[in-house]
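Every number for a ligand or one of its atoms is a count from 1 in the order of the listing. Hydrogens, waters and symmetry mates play no part in the numbers below; they use all other heavy atoms, side chains included. Predicted, not measured: the structure shown is a model, and the values here were computed from it.
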Amino acid sequence: MRLALDDILSWLREDDETRLEALWRLADDVRADAVGPEVHLRGLVEFSNCCSRHCLYCGLRAPSGDVSRYRLNEREIVASALLARELGYGTVVLQSGEDRFLDVHWLAHVVSRIKRETGAAVTLSIGERATGELEALRRAGADRYLLRFETSNPDLYARIHPAPPGGQGRDRLEMLRLLRTLDYEVGSGVMVGIPGQTWTDLARDIERFRELELDMIGVGPYIPHPGTPLGRAPGEHAAPPGDQVPATVDVTCRVLALTRLVRPMANLPATTAVTTLGDTDGQTLALQRGANVVMPNITPRTARREYTIYPNKAGMHDDPLTYRDRLLERIRRIGRVPGTGRGDSRYRRSRRAASSTAS
Ligand code: SAH
């Protein structure tokens, strides 16, 4: 749907409940038409919390002294992937901090084992990496890559996401374009309500989702971590009152709904952050207002405790099987069906069909 920036902005700031009801209905209808009733399930494995970056919002930032750092070994990661398969999840998402010492050839080997032994799709979310590394991981069979651009406001981005010490970060937008040329399914997204984010910034984020032609779009509320600069002194970084976007379930749902309108066939998760802030109600609302994916956490529990990008993350202590059963029940209760298979992006499928007709 062609929404102009002003339309997006006025929906984001709408305070008439009846009109908002119409937005929720429209987003849900577009979701049903474009991607159907399935909720695709992805098993999330947080395989390392080591990070060399200094992002002002994230509890895993390198200077956080009180994080006990871990890297899962090959056996543990493959065991988690096999658990994903047993639970019926068609995708394994491997996420980590931006670990400078991560051996990408080792990871490529792990990816190829997961592909061979489970048949699941593999999604990577490991931060900014060199072109050769992304090529090697794709060759090993990685199917998808998630890299949020975090905010479309370049000044705010530079403030909250400083370059690595002694180096230069990768331009995330350029990396997203590269991922597309390497034939990954490409995902990105933003946090809602990061201190310093204005309504106009957020509206531009949604326009950017459209421009980048994303396959997957992750949107969650910002949750302060007391051990980070933004968590310690939010006031110092906030936009003027009235301009600052609040980090709420409601605004997150508006962004999800509008994202569904501008990118109808994309896969949009009801994120862990929206579930942390709004509990299972937050998750359900997200699914009813545009989302069609959930990423249950299947990281071994001792490691999961240490993957503290923000405090009290949802699913921190859940047993994977119990969580799966409750989730399936919630999905059915709202008249949806659990997805089977990999749940690939419909955009990617249509790109493939177009390129095979052209050749
Ligand atoms: N190191 C990887 C993965 C980061 S975790 C990378 O940089 O891509 C995935 C996402 O969690 C981040 O992109 C960010 O948008 C989100 N996140 C980090 N800290 C957060 C916080 N305090 N509140 C909410 N979301 C946060």
Numbered in order shown, the ligand 1 atoms found under 4.0 Å of a heavy atom of Gly97 are 1 (N)
Out of Cys51, Ser188, Gly127, who gets a non-hydrogen atom closest to atom 8 (O) of ligand 1? Gly127
If we number the atoms of ligand 1 from 1 as shown, the ones under 4.0 Å from a heavy atom of Glu150 are 12 (C), 13 (O), 14 (C), 15 (O)
Sequence neighbours excluded, every pair satisfying ring pair (Phe, Tyr, Trp, His ring centres under 6.0 Å) that has a member inside residues 97-128: none
What atoms in ligand 1 come closer than 4.0 Å to a heavy atom of Glu98? 1 (N)
side-chain contact (heavy atoms from CB on, under 4.5 Å) for Val122 and Leu124? Distances and angles first, verdict last. CA-CA 7 Å; Val122 173; Leu124 298 174; 4.3 Å; yes
For Pro221, take its heavy atoms, then give the atoms of ligand 1 lying under 4.0 Å from any of them. 24 (C)
What do you reckon, does Gln95 have a nitrogen or oxygen under 3.5 Å from a nitrogen or oxygen of ligand 1? no
Could you tell me whether Ser96 approaches ligand 1 through its side chain, its backbone, both or neither, with non-hydrogen atoms closer than 4.0 Å? backbone
pair Ile126-Leu107: side-chain heavy atoms closer than 4.5 Å: yes
What protein heavy atom sits nearest atom 11 (O) of ligand 1, and how far away is it? Ile309 CD1, 3.8 Å
Distance-only N or O hit between ligand 1 and Tyr57, under 3.5 Å: yes
Any N or O on His225 sitting closer than 3.5 Å to an N or O of ligand 1? no
Identify the closest protein heavy atom to atom 23 (N) of ligand 1: which residue and atom is it, and at what distance? Ile223 N, 2.9 Å
Report the residue from Asp215, Asp183, Asp344 that forms a salt bridge (charged side-chain N to carboxylate O under 4.0 Å, His left out) with Arg144. Asp344
Side chain to side chain donor-acceptor pair (under 3.5 Å) partners of His54, counting only residues at least two apart: none
Going by the order shown, which atoms of ligand 1 are within less than 4.0 Å of some heavy atom of Arg148? 13 (O), 14 (C), 15 (O), 16 (C)
Do Gln197 and Asn153 meet the criterion of a side-chain donor-acceptor pair at a distance under 3.5 Å? no
Between Tyr347 and Glu185, is there a side-chain donor-acceptor contact under 3.5 Å, judged purely by atom types and distance? no
Which of Thr280, Asp325, Asp281 passes side-chain contact (heavy atoms from CB on, under 4.5 Å) with Arg330? Answer is Thr280
Candidate with minimal heavy-atom separation from atom 7 (O) of ligand 1, of Lys313, Glu46, Arg172, Met191: Arg172
Under 4.5 Å between any side-chain heavy atoms of Leu261 and Leu23, yes or no? yes
Arg53 and ligand 1 - part of the residue with a heavy-atom distance under 4.0 Å: neither
